[in-house]
Novice: 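Provided herewith is a single structure, encoded as structure tokens, for subsequent inquiry.
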Amino acid sequence: MAAGIALAGATLVGSNALAASPPRTAGPALAHTFSGRLYGVTATSATNAWAVGLHPNSSLIVHWNGHSWSQALAGDGFFESVAATSATNAWAVGGTGWFTTEPMVYHWNGQSWTQATVPDPRLGGHFTSVTAISADDVWAVGLTGGGPGDGIGKNNVTLIEHWNGQAWSLVRSPAPSPESGLDGVSGISATDAWAVGWTGVAGNNGTYRTLILRWNGRAWRRVPSPSGVPGVRTGLNAVLTLSAQDAWAVGGSHQNRNRLVFIVHWDGRAWIKVHSPTPGLGATLLGIGGSSPSSIWAVGQTTIYGGCSPANCADAIVHWNGHRWSVVQAPNPPSGYLNSLFGVAVTSAGNAWAVGTTDYQNTLIARWNGHHWS
């Protein structure tokens with residue numbers, strides 16, 4: 001997952017403009033803080049989780065061992081997403097540099113993180129999301145083109161690469177014009193995976209719409225997807241696949257100066273827009289995770305008219321209980337102008353992690369214990 005990266009001090013980025021919210025009352029500071037930001041998280045159990053992002057001057061990977069979070073890696077570039085199949089197999093993806101970048105992939109083998117060799121697209125680019133179906137079946141998606149960070153620009157097109165257990169390779173993907181990019185990927189088998197993002201005119205003043213692709217075991221094909229009101233900027237930032245008949249994708253739709261939550265569901269036949277309340281005066285969803293069809297979490301950020309100052313932007317969390325989406329109180333530590341959650345990982349109804357940033361200066365890690373987020 002991992003769309004919506006912003007430069008420090010910025011509030012509009014990526015294929016989606018980060019949304020805003022009304023003034024909020026700051027909650028208690030959360031533990032497990034590092035300098036920088038966390039954009040993705042994965043967990044294989046209550047005692048094994050990884051989160052990735054960047055320090056002010058380096059990439060960042062941190063690990064949860066069941067008792068505490070500790071830094072595992074700080075190197076070049078930045079990470080946007082991480083996926084794991086076990087305690088000895090994980091992948092982290094991103095880009096080699098914030099302003100001029102090539103795709104970057106690191107692998108965890110149970111003892112250390114090492115950089116993998118991946119093909120570089122002709123125009124450069126970076127990965128925004130990764131899904132690990134098995135040890136020899138991994139997908140990474142993103143977009144071509146330079147930075148800064150997770151920015152979008154002219155000539156961007158979709159980027160998909162695959163790990164087959166031996167090597168990474170570029171895979172042909174639909175790239176609708178004039179520009180397009182992918183922000184989320186999720187798969188459940190060698191013949192069933194989804195990738196979501198945007199297509200249209202790039203930039204905060206452009207007009208773009210949702211983009212959904214499906215892997216059928218032979219090729220990636222574009223699938224019709226709801227896009228809200230015609231002419232309005234609507235993008236999808238993350239996707240969750242539970243079965244061949246059950247998948248969710250989340251994002252935001254910019255309407256009348258406000259960002260509204262945008263959620264679509266795959267029922268085995270078509271993608272359908274599903275109603276969800278929008279936290280605050282406006283919000284966008286940046287990450288989604290779930291352990292069952294009746295317990296799904298989506299996280300993001302609220303905004304006010306697309307900005308965070310002078311009022312603060314706040315964390316946004318919504319929950320699906322099998323029947324409806326509802327807003328859940330999110331932990332919001334003291335901040336100068338912004339708290340945001342970019343990713344969420346769920347291992348059970350009583351254990352989930354959400355990661356993000358406070359003011360783009362310090363990481364934010366929150367945990368669901370079955371009763372509340374803290």
Novice: Any sub-3.5 Å donor-acceptor pair from Ser276's side-chain atoms to Trp325's backbone N or O?
Specialist: no
Novice: Please round to the nearest 0.5 Å and tell me the distance separating atom CG of Leu38 and atom OG1 of Thr363.
Specialist: 5.0 Å
Novice: Taking the side chain from Asn48 and the backbone from Ala46, do they hold a donor-acceptor pair closer than 3.5 Å?
Specialist: no
Novice: Is it the case that more than 12 heavy atoms not belonging to Gln329 sit under 6.0 Å from its CD atom?
Specialist: no
Novice: Walk me through whether Ser291 and Ser348 qualify under side chain to side chain donor-acceptor pair (under 3.5 Å).
Specialist: CA-CA 6 Å; Ser291 58; Ser348 68; over 6 Å; no
Novice: So, Phe78 versus Tyr39, ring centres under 6.0 angstrom or not?
Specialist: no
Novice: Please report the shortest heavy-atom distance between Thr101 and Thr96, naming the atom on each side.
Specialist: OG1-N, 3.0 Å
Novice: To the closest 0.5 Å, what do you measure between NE2 (His254) and OH (Tyr208)?
Specialist: 8.0 Å
Novice: If only atom types and distance count, is the side chain of Ser81 paired as donor or acceptor with the main-chain N or O of Gly94 below 3.5 Å?
Specialist: no
Novice: Enter the distance from Trp139:CH2 to Thr131:OG1 here, rounded to the nearest 0.5 Å.
Specialist: 11.0 Å
Novice: When Ser180 is tested against each of Pro178, Ser177, Pro176 for side chain to side chain contact (heavy atoms under 4.5 Å, CB included), which residue passes?
Specialist: Pro176
Novice: Can you tell me if Asp76 has over 12 outside heavy atoms packed within less than 6.0 Å of its CG?
Specialist: no
Novice: Is there a path of hydrophobic side-chain contacts, each under 4.5 Å between heavy atoms, that joins Ile188 and Ile212?
Specialist: no
Novice: From His63 NE2 over to Ser70 OG, what is the distance, rounded to the nearest 0.5 angstrom?
Specialist: 7.5 Å
Novice: With a 4.5 Å heavy-atom cut-off, do Val274 and Trp248 have their side chains touching?
Specialist: yes
Novice: Can a side-chain donor-acceptor contact be found between Thr114 and His107 if the only test is distance below 3.5 angstrom?
Specialist: no
Novice: Are any non-hydrogen side-chain atoms of Thr357 and Phe342 less than 4.5 angstrom apart?
Specialist: yes
Novice: So, Thr199 side chain and Gly181 main chain: donor-acceptor pair closer than 3.5 Å or not?
Specialist: no
Novice: I'd like to know if the side chain of Asp359 reaches the main chain of Ser335, judged simply by a donor and an acceptor atom lying under 3.5 Å from each other, with no hydrogens or angles considered.
Specialist: no
Novice: How close do Arg209 and Ser227 get, heavy atom to heavy atom, and via which atoms?
Specialist: CB-OG, 3.3 Å
Novice: State, to 0.1 Å, how close Ala83 and Ala132 come at their nearest heavy-atom pair, and which atoms those are.
Specialist: CB-N, 3.7 Å
Novice: Is the distance between the ring centroids of Trp91 and Trp108 under 6.0 Å?
Specialist: no
Novice: Flag yes if Ile160 and Val157 sit in one hydrophobic cluster, no otherwise; membership is Ile, Leu, Val, Met, Phe, Trp, Tyr, and two members link when side-chain heavy atoms are under 4.5 Å apart.
Specialist: no
Novice: Can you find a heavy atom in the side chain of Asn351 that is under 4.5 Å from one in the side chain of Asn369?
Specialist: no
Novice: Do you know the tightest heavy-atom contact between Ala92 and Ile61?
Specialist: CB-CD1, 4.2 Å
Novice: So do Leu285 and Asn237 actually touch side chain to side chain, heavy atoms under 4.5 Å?
Specialist: no
Novice: Can you find a pair of side-chain heavy atoms, one from Asp246 and one from Asp267, that are under 4.5 Å apart?
Specialist: no
Novice: Could you tell me whether the side chain of Trp163 and the main chain of Ala135 form a donor-acceptor pair under 3.5 Å?
Specialist: yes
Novice: Measuring from atom CG of Leu143 to atom CG of Asn156, what distance do you get when rounded to the nearest 0.5 angstrom?
Specialist: 4.5 Å
Novice: For this output row, return yes or no: ring centroids of Trp215 and Trp194 closer than 6.0 angstrom.
Specialist: no
Novice: Please confirm whether the backbone N or O of Gly197 pairs with a side-chain atom of Asp183, one donor and one acceptor, at under 3.5 Å?
Specialist: no
Novice: Hydrophobic clusters here meaning ILVMFWY residues chained together by side-chain heavy-atom distances under 4.5 Å, can you tell me if Leu211 and Val171 are in one?
Specialist: yes
Novice: Can a donor-acceptor pair be found, under 3.5 Å and without considering hydrogens, that links the side chain of Thr88 to the backbone of Asn109?
Specialist: no
Novice: Once you round to the nearest 0.5 Å, how far does CD of Glu80 lie from OG of Ser129?
Specialist: 9.0 Å
Novice: Any side-chain donor-acceptor pair under 3.5 Å between Thr358 and Asn362?
Specialist: no
Novice: Examine the side chains of Thr210 and Ser225 and answer whether a donor and an acceptor come within less than 3.5 Å of each other.
Specialist: yes
Novice: Would you please test Phe79 and Met104 for side-chain contact (heavy atoms from CB on, under 4.5 Å) and show each step?
Specialist: CA-CA 8 Å; Phe79 292 112; Met104 184 174 74; 3.6 Å; yes
Novice: Under 4.5 Å between any side-chain heavy atoms of Pro333 and Leu364, yes or no?
Specialist: yes
Novice: Heavy-atom distance under 4.5 Å between the side chains of Val328 and Val318, does that happen here?
Specialist: no
Novice: Are Trp297 and Trp353, when compared by the centres of their aromatic rings, separated by less than 6.0 Å?
Specialist: no
Novice: Where the side chain of Thr241 meets the backbone of Ser243, is there a donor-acceptor pair that is under 3.5 Å apart?
Specialist: no
Novice: Report yes if the side chains of Asp136 and Asn164 come closer than 4.5 Å at any heavy-atom pair, otherwise no.
Specialist: no
Novice: Set out, in order, the CA-CA distance, both residues' side-chain angles and the distance that settles side-chain contact (heavy atoms from CB on, under 4.5 Å) for Gln71 and Leu60, then state yes or no.
Specialist: CA-CA 7 Å; Gln71 182 172 302; Leu60 172 64; 3.7 Å; yes
Novice: Show the nearest heavy-atom pair for residues Ala140 and Trp168, with the distance to one decimal.
Specialist: CB-CZ3, 3.8 Å
Novice: Kindly determine whether His126 and Glu102 satisfy side-chain contact (heavy atoms from CB on, under 4.5 Å), including the steps that lead there.
Specialist: CA-CA 6 Å; His126 65 279; Glu102 299 289 347; over 6 Å; no
Novice: Check whether Arg221 reaches the backbone of Arg214 with its side chain - one donor and one acceptor, N or O, closer than 3.5 Å.
Specialist: no
